Amino acid sequence: MSLTKAERTIILSMWGKISTQADAIGTEALEMLFASFPQTKTYFPHFELRAGSAHLRAHGAKVVAALGDAVRSLDDVAGALSRLSELHAYILRVDPVNFKLLSHCLLVTLASHFPADLTADAHAAWDKFLSLVSCVLTEKYR
Amino acid sequence: MVHFSAEEKAAITSLWGKVNVEDAGGEALGRLLVVYPWTQRFFDNFGNLSSASAIMGNPKVKAHGKKVLTSFGDAVKNMDNLKGTFAKLSELHCDKLHVDPENFRLLGNVLVCVLAHHFGKEFTPQVQAAYQKVVAGVANALAHKYH
C-alpha cells in the first residue's frame, strides 16, 4: 500500500495546519480513545488518564510527533518509523486491533478541528495514511 | 445478550463432555502465545517462551491453560447467564490484570481451532457455529465490566 501523488499533496498541505495544533489534537484523540473504547486504557495502568492530565498531554504530543515523522517521509514511512515499529513489536506489544481504534479517533479529531479541509477526498487520504502507519507499526509483530 | 437454542446447547455440552480440559487448555493457551506472539506480554514470568516447542512444552503455560479452560467450562454450564458467571473475572481482568479484551477473542478462536484439530469430522459446521457463539459470549462477558 502506498499513497498516490494526490493523496500525498493532501496530507502535506493539511499537515501545515495540524502541526500548529499538534499537541491539542494528539491529546484529544487519546481522550476520545479512552472514553469511547475504555479497554484501551489497559495499556496505560501507569498513567493518570483524567482529561487534561500531564501524562495524556505528553503522550498525545508524542503520538502526533511520530505522525509528523511519517508525514515528512511519505515515500519511506517504514524507514521513518522503524524504531517505533520495533518498540511496538517487542516491548509494547499493543494488540493490532487498537491501531484501528486510535486511527479512527485521530480522524474524528481532524474532522472536528478542520471541517473545511476534511473533504471526502481528504478523509480517504488520511484514512489510508493512518492505515499505512498502523501497518508499519505492526509489521514486525510476527 | 446471546441466546442459545436447545440444539446449540446440546451440541456444545455433548462435545465439551469429551474434552480433556487439561490438554486442550495447554494446547489453546500455547497456540495463542505462538500464533500471536504479542500476547506473551502478559506472561514475562513464565520462563522459556523462545520457540513454539518451548511454549507448547512449558509447564506454566500448561497449568495456566488448564486454569483458563476449567473456567471456560463454567460457561458451558451457564450459557444462559454468561455475564453473571464472569462478572468477577471481568473486574479482575480489567482492574488487576489489565488485559485487552481483544485477547479473549483471540483465545476463543484459537480454542475453536484446537477443538477442530482434535475432533476432526465430528466438529461439523453446526458445532463450530455453536462454539463461535459461546466463545463470543464468553469474550463479551469477560469484557462487560471494563470501564
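Both backbone and side-chain heavy atoms feed into the values below; hydrogens, waters and symmetry mates do not. All figures in this text were calculated on a predicted structure; none of them were measured in a lab. Here is the naming used below: chain letters follow the sequence lines, and residue numbers restart at 1 for every chain.
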In Å and rounded to the nearest 0.5 Å, what is the [atom1] to [atom2] distance from [X] to [Y]?
X: Leu101(A); Y: Glu102(B); atom1: CG; atom2: CD; value: 8.5 Å
X: Lys140(A); Y: Trp38(B); atom1: NZ; atom2: CH2; value: 15.5 Å
X: Asp95(A); Y: Thr39(B); atom1: CG; atom2: OG1; value: 8.5 Å
X: Lys41(A); Y: Cys94(B); atom1: NZ; atom2: SG; value: 7.0 Å
X: Asp100(B); Y: Asn98(A); atom1: CG; atom2: CG; value: 4.5 Å
X: Arg93(A); Y: Asp44(B); atom1: CZ; atom2: CG; value: 5.0 Å

Kindly check if the number of other-residue, nucleotide or ligand heavy atoms within 6.0 Å of [atom1] ([X]) is above 12?
X: Lys66(B); atom1: NZ; value: no
X: His46(A); atom1: NE2; value: yes
X: Lys128(A); atom1: NZ; value: yes
X: Lys67(B); atom1: NZ; value: no

Connected via hydrophobic side-chain network under 4.5 Å: [X] and [Y]:
X: Val2(B); Y: Ile12(B); value: yes
X: Phe99(A); Y: Met32(A); value: no
X: Leu33(A); Y: Val108(A); value: no
X: Leu32(B); Y: Val97(A); value: no

Side chain proximity check, [X] to [Y], heavy atoms < 4.5 angstrom:
X: Thr42(A); Y: Val99(B); answer: no
X: Pro96(A); Y: Tyr36(B); answer: no
X: Tyr43(A); Y: His98(B); answer: no

Under 3.5 Å donor-acceptor, Arg142(A) side chain and Pro37(B) backbone: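 Checking the backbone N and O of Pro37(B) against the side chain of Arg142(A), no donor-acceptor pair under 3.5 Å is found.
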
Region of Leu92(A) in contact with chain B, defined by heavy-atom distances below 4.5 Å: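 Contact with chain B involves the backbone of Leu92(A) alone.
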
When His93(B), His147(B), Arg41(B) are compared by non-hydrogen pairs under 4.5 Å with chain A, the top option: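 Max contact count across the listed options: Arg41(B).
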
Chain A contact via Leu97(B) - which portion, at a heavy-atom distance below 4.5 Å: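 Contact with chain A involves no heavy atom of Leu97(B) at all.
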
